[in-house]
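Notes to accompany the following structure.
Order of listing sets the numbers, starting from 1, for every ligand and every atom in it. Note that the numbering runs from 1 along the sequence shown for the chain. Just so it is clear, the model here is predicted, and its values are computed rather than measured.
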Amino acid sequence: MVMTPQTSAFIDEGAIDEALGGAATKDAGRLREILAKARDLGGLEMGEVAALTSISDPDLLGELFATARAIKEAIYGARLVLFAPLYVSNLCNNDCLYCAFRAKNTALTRRALDTAEIRREVELLVDQGHKRILLVAGESYPRQGFGYVLDAIATIYSVHRGNGEIRRVNVNVAPLGVSEFRALKGTGIGTYQLFQETYHRQTYKAVHVGGKKRDYDWRVTAMHRAMEAGIDDVGIGVLFGLFDWRFEILALMQHVRELERAYGVGPHTLSMPRLEPAFGSDIAEEPPFPVSDIDFRKLVAILRLAVPYTGMIMSTRETPNIRRETFALGISQISAGSRTSPGGYADEEHLDEAQFQLGDHRSLDEVIRNVAELGYTPSFCTGCYRLGRTGADFMDLAKPGEIKQHCDPNALSTFLEYLLDYGSPETRATGERVIAERLAGLDGVSRSRPEDMLRRVRAGERDVFC
Ligand code: SAM
Ligand code: SF4
């Protein structure tokens, strides 16, 4: 039986420093060898990732981006999965210097949505066409304690409106013990997400100055406890801007490899938020290690090469431009039409209770139209997790490329469902054109399944997936 490690020894700062110290290579031949290896979709080692971080030559940078695009295309095709965050509460006992929800921010209005308010928010999201929600909360719960989150998930799944409902709830809440993780799994969540923020211990200590979150080890071992509790889709991430991004992506790799070693499967997703301005936070205004747009694209591309089968999530923190550029480099999931304050969908006035400022303010319909115009297929698919294709079972299908036989038709059927039930006339026209193009690009055999599924959706059936 695998034991929960009590320490964070698998994040080995000495090894990271050593890899970065030897990274700066001017040997273009060596860098091209690494890019060629990455094209085989087998991932990369720490030393190779470190070497790629040193690329500055424009030609090599172009080759790095082209490699990331080729990998994204081979594994994820043109699909982009859409979701909306749902902030249920901004109560928090921690004091993370970068976050508007931190306990010491006494100017923030505190609010935890009650059942009726959660239901209202979910109705609004369902009426926009959303099928996937990421539930987010600060680390302090109303009277029921953690049961508040469990009840909130039950409420979200209970909402049915017309043809719509939320079919997958992912969760981003503070680290739990194994028994609480079991209870969380029992509610039928999809992915449990938690970002380490920074893997650099000294920086971690300096920016987490109050509350339970000060405990680096408790946080970095959270995914071990989640896995032991049977949650095999987990999402990890870094809040970029707190420390050197090169260090952070190597540490992220160590975390991935540790989960693979201990549980036979790495994380389902990676997230890479950059620090955004937040009400009442000085360091969010002026990040100690700002990541430039070019470095951000570089880090997304490098992660795509390093862990090709792990989904990568981009939130509405980023501007439409950066989002567009990084879709091509490997992003597979995006949020759209987001609000980051509890009650923010029902009531715009609550925006001053938001966690941080958004970079993309467009509606879901606008984002979908834009994504489709750019050549991607927006997807609301929730098939895998509902058919039990999670954790290692998912990776077993993903690695030989078989998962595409499910993802592509599911993307088309859920996209059509969106267009028919929620799309504006303009988006519907664009979307129908994209669907026709996708079908035309398939040979007769692989076309029959999506064609059949699309026919069923047009005939009025909903939630058609394989
Ligand atoms: N309270 C839980 C926690 O801290 O893990 C979960 C919710 S917290 C609101 C979700 C994430 O928001 C954090 O993990 C952090 O990475 C991100 N975040 C906080 N402040 C941010 C800021 N100013 N800009 C961008 N992302 C931020
Ligand atoms: Fe609380 Fe999470 Fe914000 Fe930290 S990041 S202050 S734990 S909500």
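A distance of 6.0 Å or more separates the ring centres of Phe415 and Phe380. Taking the six-membered ring for Trp and the full ring otherwise, the centers of His224 and Tyr263 sit less than 6.0 Å from each other.
By the 4.0 Å N-to-carboxylate-O rule, Glu13 lies close enough to Arg201 to be salt-bridged with it. Using a 4.0 Å cut-off between a side-chain N of Lys or Arg and a carboxylate O of Asp or Glu, Arg225 and Glu228 do not qualify as a salt bridge. We find that Glu325 and Arg297 are joined by a salt bridge, their nearest charged nitrogen and carboxylate oxygen being less than 4.0 Å apart. Of the charged side-chain nitrogens involved, none lies within less than 4.0 Å of a carboxylate oxygen, so that Asp215 and Lys205 do not count as a salt-bridged pair.
Selection from Glu197, Glu285, Arg219 by nearest heavy atom to atom 14 (O) of ligand 1 gives Glu197. Nearest-residue assignment for atom 6 (C) of ligand 1 (options Leu242, Asn172, Leu275; heavy-atom criterion): Asn172.
Contacts of Lys213 with ligand 1, taken as heavy-atom pairs under 4.0 Å, involve the side chain alone. Counting heavy atoms closer than 4.0 Å to ligand 1, residue Leu239 contributes side-chain atoms (C-beta onward) but none from N, CA, C or O. With a heavy-atom cut-off of 4.0 Å, Asn94 does not touch ligand 1 at all. When non-hydrogen atoms are compared, ligand 1 lies under 4.0 Å from the side chain of Ala278 (C-beta onward) but not from its backbone. Heavy atoms of Gln193 found under 4.0 angstrom from ligand 1: none, in either backbone or side chain.
Per-residue contacts place Arg102 under 4.0 angstrom from the following atoms of ligand 2 (heavy atoms of the residue considered): 6 (S). Remark: ligand 2 atoms within the under-4.0 Å shell around heavy atoms of Lys213 are 2 (Fe), 4 (Fe), 5 (S), 7 (S). Here is the list of ligand 1 atoms found below 4.0 Å of a heavy atom in Val136: 7 (C), 9 (C). The ligand atoms of ligand 2 that sit less than 4.0 angstrom from a heavy atom of Gly138 are 8 (S). Close contacts of ligand 1 with Leu194, meaning ligand atoms under 4.0 Å from a residue heavy atom, involve 5 (O).
Of all heavy-atom pairs between Arg132 and Leu82, the closest is CD-O, 3.5 Å. Here the shortest heavy-atom pairing between Val265 and Ala392 reads CG2-N, 3.8 Å. The minimum heavy-atom distance linking Leu184 with Thr187 is given by the pair O-OG1, 2.6 Å.
Between atom 1 (Fe) of ligand 2 and Cys92 there is an N/O/S contact shorter than 2.8 Å.
The closest approach between any non-hydrogen atom of Ala137 and ligand 1 is below 4.0 Å.
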